[in-house]
Trainee: 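I am attaching a structure below and will ask some questions about it afterwards.
Computed from a predicted structure; not experimentally measured. As a basis for the values below, the full set of heavy atoms in this structure was taken, side chains included, without hydrogen atoms, waters or symmetry mates.
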Amino acid sequence: MDIQKVITSAVLKAVKEIYGADVPEKMVQLQNTKDGFEGNLTLVVFPFLKTSRKKPEDTAQEIGQWLLQNCEAISDFNVVKGFLNLVIAPAAWISLLNDINADEHYGEKKATDESPLVMIEYSSPNTNKPLHLGHVRNNLLGWSLAQIQAANGNRVVKTNIVNDRGIHICKSMLAWLKWGNGETPETSGKKGDHLIGDYYVAFDKHYREEIKELVAQGMDEEKAKQEAPLIKEAHEMLVKWEQNDPEVRALWEKMNSWVYAGFDETYKALGVGFDKIYYESQTYLKGKAKVEEGLAKGLFERHEDNSVWADLTNEGLDKKLLLRSDGTSVYMTQDIGTAEMRFQDYPIDKMIYVVGNEQNYHFQVLSILLDRLGFKWGKELVHFSYGMVELPNGKMKSREGTVVDADDLIQAMIEGARKVSEEAGKSKDLSEEERNEIARICGMGALKYFILKVDARKNMLFNPEESIDFNGNTGPFIQYTYARIRSILRKAEEQGINIPESLDAQLSPVNQKEIDLIQKMQAYGTAVEQAGKDYSPSGIANYCYELTKEFNSWYHDYSVLNAEDEQTKLTRLVLAQNVAKIIRNGMALLGIEVPERM
């Protein structure tokens, strides 16, 4: 039973019968009754005053009286000014609990073949360095958005665009040639992405030394940056790459394969993945062709130096470079090429790019260009713009080697979770294997929840210690509550108690705290829908926390297995079972696992 729908329908009938008017459904405004007032749902009466031609209090009184006599879901009402507070009958709440119990994915929608196809791009790493804390936020947001869109009944394709070409890639390659002595992931014992990242840092170190030397010889610093032998060699390598030089291409493929193997390990540890991976080395030529096509149609303009530009001044923006004078592409060109390839591969209805807020202008421009080029979703593309992750000691810089490495972070979170769990005495009865698995689930849950509970548009300060806490608004607090409920259900099974598939609505007792809990569970569908509209994983995180708090408050006051009678015990077991189910499903939308025991 959807109580809100039942009451909405009844209110429409009441207005028709009392005042002889058909009013639109949107006029029925129901909200949860505020704390301190008797009732569960409150009807805002003001929209009906033109129809009733009576005072707010009188109109509310008349509608309330009609509902009490004609709607079984209503057991009482009271009027406060223009607000009609409705008390829902206990049997209606049990009927709702039965509906929740009958649906394994209550509050979520299933996609059909006709559902919109939403593509979500996230991760977008460079192959010259390992994934870091910023990538962690990006991947977790992208994965969660995909789960939330799917839970809203959309078909979803998760994609990644790998930046595998350009001067930064050549820097790592050149450094490896000069100082690598044939080192490989196997000989070094390092993950491939870490190995290549070390050479990117090494290049920068030697490059800075060369600049310093040239400046000491009297050269201007800006000129020294261009004239340093290392950067010249890197540019020469890039040209050879563009010209398909077999030696350069072979080295590029070998080193990239090391990086991809390393990335895959990190993605697996994070619990994220992709349906399709695109590579800029394959998309940039497509982009150039698409720009040339737009040029021929008069959508873009070629300048005297042979460069190609888009004039966006009519849209209140500036002119945007699309092809350099030497014909090479820029990031915008590559994004156009990637869009072209994706559109050929999938009939996309909506495209969501998960990219940091420093790229806001880029995506504003890309949206206009894709629309001009005829992509139906261009104008409505969504740039899911998120803030940076900051650390207590400041910002991160890859080339200086001052990033928080994703693999190190994952390991530290798992170790931290194990330590906190052991200090709290929560794992003393478990085997070593179980302890390791629970530490992994809780460590990753702490990391993911801490990052996803924050409004993604804001910059955030990451504090690992604060995230691994079994109290407060944290992943482990929610996970521990789930494990506690699973423990109750196991004990019930050991006692031979069969939890019914359906409760008798007339005979099952329910108190106010239980009603609040059922009402909170019903709100899961609204939370999922809102998170889908707002592209907001934090909405789901906050819902899971609120439901967990509500359950713990109830559990503190009422016993489940030692309830006063059998019917109350069964009602509470069904209640607890469904709170656990919704916590599990909600946390899954965040990519967070929940342990069966802790």
Trainee: Just checking Lys379: does its NZ atom have more than 12 heavy atoms from other residues, nucleotides or ligands closer to it than 6.0 angstrom?
Mentor: no

Trainee: Going by atom types alone, do Tyr199 and Glu183 pair a side-chain donor with an acceptor below 3.5 Å?
Mentor: yes

Trainee: Is it true that Phe363 and Tyr353 have ring centroids separated by less than 6.0 Å?
Mentor: yes

Trainee: So, does Arg490 use its side chain to make a donor-acceptor pair with the main chain of Glu596 at under 3.5 Å?
Mentor: yes

Trainee: Could you check whether any side-chain N or O of Gln149 sits under 3.5 Å from a backbone N or O of Arg155, counting only pairs where one atom can act as donor and the other as acceptor?
Mentor: no

Trainee: Would you call the rings of Trp241 and Tyr284 parallel, tilted or perpendicular if under 30° counts as parallel and over 60° as perpendicular?
Mentor: tilted

Trainee: Once the angle between the rings of Phe477 and Tyr545 is folded into 0 to 90°, is it parallel (under 30°), tilted (30 to 60°) or perpendicular (over 60°)?
Mentor: perpendicular

Trainee: For the pair Glu108 (side chain) and Gly525 (backbone), establish whether a donor and an acceptor sit closer than 3.5 Å, ignoring hydrogens and angles.
Mentor: no

Trainee: Under the rule for ring pair (Phe, Tyr, Trp, His ring centres under 6.0 Å), what residues qualify as partners of Tyr260, not counting sequence neighbours?
Mentor: Tyr279

Trainee: Please confirm whether the backbone N or O of Ala541 pairs with a side-chain atom of Tyr449, one donor and one acceptor, at under 3.5 Å?
Mentor: yes

Trainee: I'd like to know whether the aromatic ring centres of Tyr543 and Tyr524 sit less than 6.0 Å apart in this structure.
Mentor: yes

Trainee: Given 3.5 Å as the limit, does a donor-acceptor pair link the side chain of Arg165 with the main chain of Gln282, or not?
Mentor: no

Trainee: Among all residues two or more places apart in sequence or in another chain, which pass the side-chain contact (heavy atoms from CB on, under 4.5 Å) test with Glu186?
Mentor: Thr184

Trainee: With a 3.5 Å cut-off and no angle check, do the side chains of Lys549 and Asn552 form a donor-acceptor pair?
Mentor: no

Trainee: Determine whether a donor-acceptor pair (N or O, by modelled atom type, separation under 3.5 Å) exists between the side chain of Thr266 and the backbone of Gly262.
Mentor: yes

Trainee: What's the shortest heavy-atom distance between Ile410 and Ala269, and which atoms?
Mentor: CD1-CB, 3.9 Å

Trainee: Sub-3.5 Å donor-acceptor pair from the side chain of His135 to the main-chain atoms of His132, do we have one?
Mentor: yes

Trainee: State whether the side chain of Arg249 and the backbone N or O of Asn244 hold a donor-acceptor pair below 3.5 Å, judged by distance alone.
Mentor: no

Trainee: Looking only at the aromatic ring of each residue, does the gap between the centers of Tyr267 and Phe274 stay below 6.0 angstrom?
Mentor: yes

Trainee: Taking the side chain from Asn154 and the backbone from Ala150, do they hold a donor-acceptor pair closer than 3.5 Å?
Mentor: no

Trainee: Using the side-chain contact (heavy atoms from CB on, under 4.5 Å) criterion, which residues pair with Ser367? Sequence neighbours excluded.
Mentor: Leu381

Trainee: Under 3.5 Å, side chain of Glu434 to main-chain N/O of Ser431, donor-acceptor pair present?
Mentor: yes

